[in-house]
Chemist: 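Sending over a structure as structure tokens; questions will come in a sec.
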Amino acid sequence: MATSTGSADAEDEALVQTASSYCASNGILMGARDKATNKPLGANIYEPAPFSLHPTLLPKAAFEKAYDMAVPFNNVVHRAASQYQGWLRDAVKTAAEGDKDFTGKMLKLADDVVERGRVQNVALGLLRSDYMLHCDESSTSGANAADAKKQFDESIPLQVELNTIASSFGCLSSKITRMHQHIESLGGASTGEGMLPDNGAAEGIAEGLAVALKEYERQRIEQQAGAIDEIVVVMVVQPGETNSVDQRDLEFLLQQKHGVRLIRRSLYELATTGNFADDSGEDFSGRELIIPDGDKMVAAGVVYYRAGYTPNDYPTEIEWDGRGKVEHSSAIKCPDIFYHVFGTKKVQQVLAEPNNLRQFCESDEEEELLSSSFAGLYALGEGDDSAAVEAALANPRDFVLKPQREGGGNNLYDDDLVKELKSMSYDERGAFILMQKIMPPSVPGKLVRGGEIVYEGPCVCELGVFGITLRRYDDEKEGDSNTGDGVILNKVVGHILRSKSVQTDEGGVAAGYAFLSSPRVV
């Protein structure tokens, strides 16, 4: 991160004060960290989430295209997950063999669900497809102002990843949009051209969870399940979570808008306190997941993962037991193990290969739309990968080495990429993919953390679009991608924009790399 400018002008100082106060007043907060050690200060000590002082410029065409792709990508995720045995398992097999302790265990769990039989036939996806703008590299290295403007306007969104588990910051991003709209309403020199689109991410995510719980309640009546004190949404969380405000916002929104109660549990707690209604039963009623909650015994109608996406969430086999208990239960999962497997980087790479994406699309035009967002993606550890390896070693700045990991801070660049590629065997490379490094245009930005501008200068951004899908698996037509989708809910609901210094490769806010922002669409 570049150093602080140290001398923001009077207007900036006033805006920082207003924006920070808005964050405090409206709950745009994260767990506070010690500035020297970066360690959390305590479970209930908060500070404003890092944010950009002004909205971030984004071409209108790129913003609209990212929104247009959300529902088609919803469809692709579900249809590929429906074909676990026919397509998805083979797609991720190489990565599972190279990453036995995590991706391999995910695949084993999916195999177990198939072998034992899927009790719940409905899946909920709260998905987020992340994009960065891409243009000719010359726009970032010395082009004149007119050329740079033209290349910015013509830059295209390329997909960084498609998140199928623990897609975060929907609530805080909705609030950041309102913060920037408030600041813009004050007028002054900070007001710019373009529009600040409304952001319905928080309300849309809450709606998805509420509709899923209603579907579970409908199933209970249909299955004549036994009496229970209450049916709830269970959010699976990490111990010591620093992004709990974004999560609790959703909890409160569910209660206020939908009358749905959400409880928080770790994988360990689910393993050690959760039980099936009937250990010998293999049907819906027997596989209800019952959890103690105070003096109540509640049924997990929906299990929503905000943890479970990293090996760190599984320090022992007990946590894997907790995950398995959920997967074998009648709860509607968000995501279930098949959606989770789809979200691996390996699947992203395989989908970009010829003749793979089309089977999950409605039309040739839809395939063309989605595939136009794919950066260059290259397999490792299968077939002859020597050309890709040699290209990356020769020009490491043009590539990113990506493991099957989520959460920020995992990708390898430049010298680290070279070191890792040279140290790995052919089989070990299978746990990674190579991706073309996206070259985004830069725009001016001022980034705020801890009540002060910590960076002022050229910034790049990453746009994430939230899609919600709730639908049934069609057992009879599993191999047909265009029929039997059983759609209950399928829509695009909002976005997140993260801004960061041009010197920063990674993009996670919770991981400390990026700052929440809003798109100013021009």
Side-chain angles (χ1 to χ4, degrees), residues 51-73 128-162 169 173-174 176-177 179-181 183-184 190-201 365-366 368-376 435-447 456-467 492-502 504-505 507 509 514-522:
F51 61 89
S52 68
L53 187 57
H54 304 292
T56 301
L57 294 174
L58 194 74
K60 180 180 180 182
F63 180 79
E64 292 178 345
K65 182 177 180 180
Y67 261 70
D68 289 343
M69 289 188 286
V71 169
F73 269 125
R128 196 187 75 211
S129 187
D130 292 340
Y131 304 92
M132 292 188 74
L133 298 178
H134 179 74
C135 62
D136 292 337
E137 187 179 355
S138 59
S139 68
T140 65
S141 56
N144 63 49
D147 288 343
K149 170 80 165 56
K150 181 174 184 295
Q151 290 177 321
F152 171 81
D153 292 340
E154 295 176 354
S155 58
I156 59 173
L158 293 186
Q159 188 181 66
V160 177
E161 61 185 354
L162 203 169
F169 286 105
S173 290
S174 297
I176 282 286
T177 294
M179 182 198 79
H180 281 136
Q181 289 172 336
I183 289 176
E184 292 284 297
S190 66
T191 304
E193 296 180 358
M195 68 169 185
L196 296 178
D198 290 336
N199 188 357
E365 292 75 19
E366 186 173 278
E368 183 178 355
L369 171 69
L370 300 185
S371 63
S372 69
S373 73
F374 293 159
M435 181 175 173
Q436 165 197 358
K437 189 173 183 181
I438 300 171
M439 299 296 183
S442 64
V443 294
K446 297 176 182 179
L447 307 180
E456 180 176 353
C459 294
V460 295
C461 67
E462 186 169 332
L463 172 70
V465 177
F466 290 96
V492 54
V493 297
H495 57 268
I496 173 177
L497 195 94
R498 290 162 289 179
S499 186
K500 59 187 180 181
S501 155
V502 291
T504 304
D505 287 316
V509 177
F515 295 70
L516 291 173
S517 189
S518 306
R520 187 197 301 282
V521 177
V522 292

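What you are looking at is a predicted structure, and each value in this text was computed from that prediction instead of being measured. Both backbone and side-chain heavy atoms feed into the values below; hydrogens, waters and symmetry mates do not.
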Chemist: Which pair of heavy atoms, one from L463 and one from A66, lies closest together, and at what distance?
Modeler: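 Between these two residues, the closest heavy atoms are CD2-CB, 3.7 Å.
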
Chemist: How long is the gap from CG on L158 to CD on Q436, to the nearest 0.5 Å?
Modeler: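 Rounded to the nearest 0.5 Å, the CG-CD separation comes to 6.5 Å.
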
Chemist: Between T56 and S517, is there a side-chain donor-acceptor contact under 3.5 Å, judged purely by atom types and distance?
Modeler: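 Side-chain D/A pair, S517 to T56: present.
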
Chemist: Please determine whether side-chain contact (heavy atoms from CB on, under 4.5 Å) holds for the pair L447 and S499, giving the CA-CA distance in whole Å, both sets of side-chain angles, and the decisive distance to 0.1 Å.
Modeler: CA-CA 8 Å; L447 307 180; S499 186; 4.0 Å; yes

Chemist: Can you measure from NE2 (H180) to CG (L497) and round to the nearest 0.5 angstrom?
Modeler: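 Nearest 0.5 Å value for the NE2-CG distance: 9.5 Å.
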
Chemist: Measure the shortest side-chain to side-chain distance between P59 and F152 over non-hydrogen atoms and say whether it is less than 4.5 angstrom.
Modeler: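 Yes; the side chains approach each other to less than 4.5 Å.
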
Chemist: Rounded to the nearest 0.5 Å, what separation is found between the OG atom of S155 and the CE atom of M439?
Modeler: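 Atom-to-atom, S155:OG and M439:CE are 14.5 Å apart.
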
Chemist: Between K500 and V460, does the side-chain contact (heavy atoms from CB on, under 4.5 Å) criterion hold? Intermediate values first, please.
Modeler: CA-CA 6 Å; K500 59 187 180 181; V460 295; 3.8 Å; yes

Chemist: Identify the heavy atoms of R498 and A514 that sit nearest to each other, and give their distance.
Modeler: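 Closest approach of R498 to A514: CB-CB, 3.9 Å.
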
Chemist: State, to 0.1 Å, how close K65 and S372 come at their nearest heavy-atom pair, and which atoms those are.
Modeler: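 Where K65 meets S372 most closely, the heavy atoms are NZ-OG, 2.7 Å.
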
Chemist: Between Q181 and D198, is the side-chain contact (heavy atoms from CB on, under 4.5 Å) condition met? List the steps.
Modeler: CA-CA 9 Å; Q181 289 172 336; D198 290 336; 3.0 Å; yes

Chemist: Closest approach of A62 and L133, non-hydrogen atoms and distance?
Modeler: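 Heavy atoms of A62 and L133 come nearest at CB-CD2, 3.5 Å.
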
Chemist: Please name the pair of heavy atoms, one in V502 and one in S442, separated by the smallest distance, quoted to 0.1 Å.
Modeler: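 Closest pair (atom of V502, atom of S442, distance): CG1-CB, 3.7 Å.
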
Chemist: Once the angle between the rings of H495 and F63 is folded into 0 to 90°, is it parallel (under 30°), tilted (30 to 60°) or perpendicular (over 60°)?
Modeler: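 Answer is perpendicular, since the angle exceeds 60°.
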
Chemist: Which heavy atom in Q159 sits nearest to a heavy atom in M435, and how many Å separate them?
Modeler: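 Distance-wise, the nearest heavy atoms are O-CE, 3.2 Å.
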
Chemist: What residue among T177, I183, L58 forms side-chain contact (heavy atoms from CB on, under 4.5 Å) with S518?
Modeler: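 Among T177, I183, L58, the one that satisfies the side-chain contact (heavy atoms from CB on, under 4.5 Å) with S518 is T177.
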
Chemist: Taking only residues two or more places apart in sequence, or in another chain, which ones meet K60 in a side chain to side chain donor-acceptor pair (under 3.5 Å)?
Modeler: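 So K60 forms no side chain to side chain donor-acceptor pair (under 3.5 Å) with any residue.
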
Chemist: If you round to the nearest 0.5 Å, how far is CE of M132 from CD1 of I438?
Modeler: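 Spacing of CD1 (I438) from CE (M132) equals 6.5 Å.
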
Chemist: Kindly compute the distance separating CD (E366) from CZ (F73), expressed to the nearest 0.5 Å.
Modeler: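 So the CD of E366 and the CZ of F73 are separated by 9.5 Å.
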
Chemist: What's the verdict on side-chain contact (heavy atoms from CB on, under 4.5 Å) for M69 and V465, showing C-alpha distance, side-chain angles and the deciding distance?
Modeler: CA-CA 9 Å; M69 289 188 286; V465 177; over 6 Å; no

Chemist: At what distance, to the nearest 0.5 angstrom, does CZ of F515 lie from SG of C459?
Modeler: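 Interatomic distance, F515 CZ to C459 SG, rounded to 0.5 Å: 8.5 Å.
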
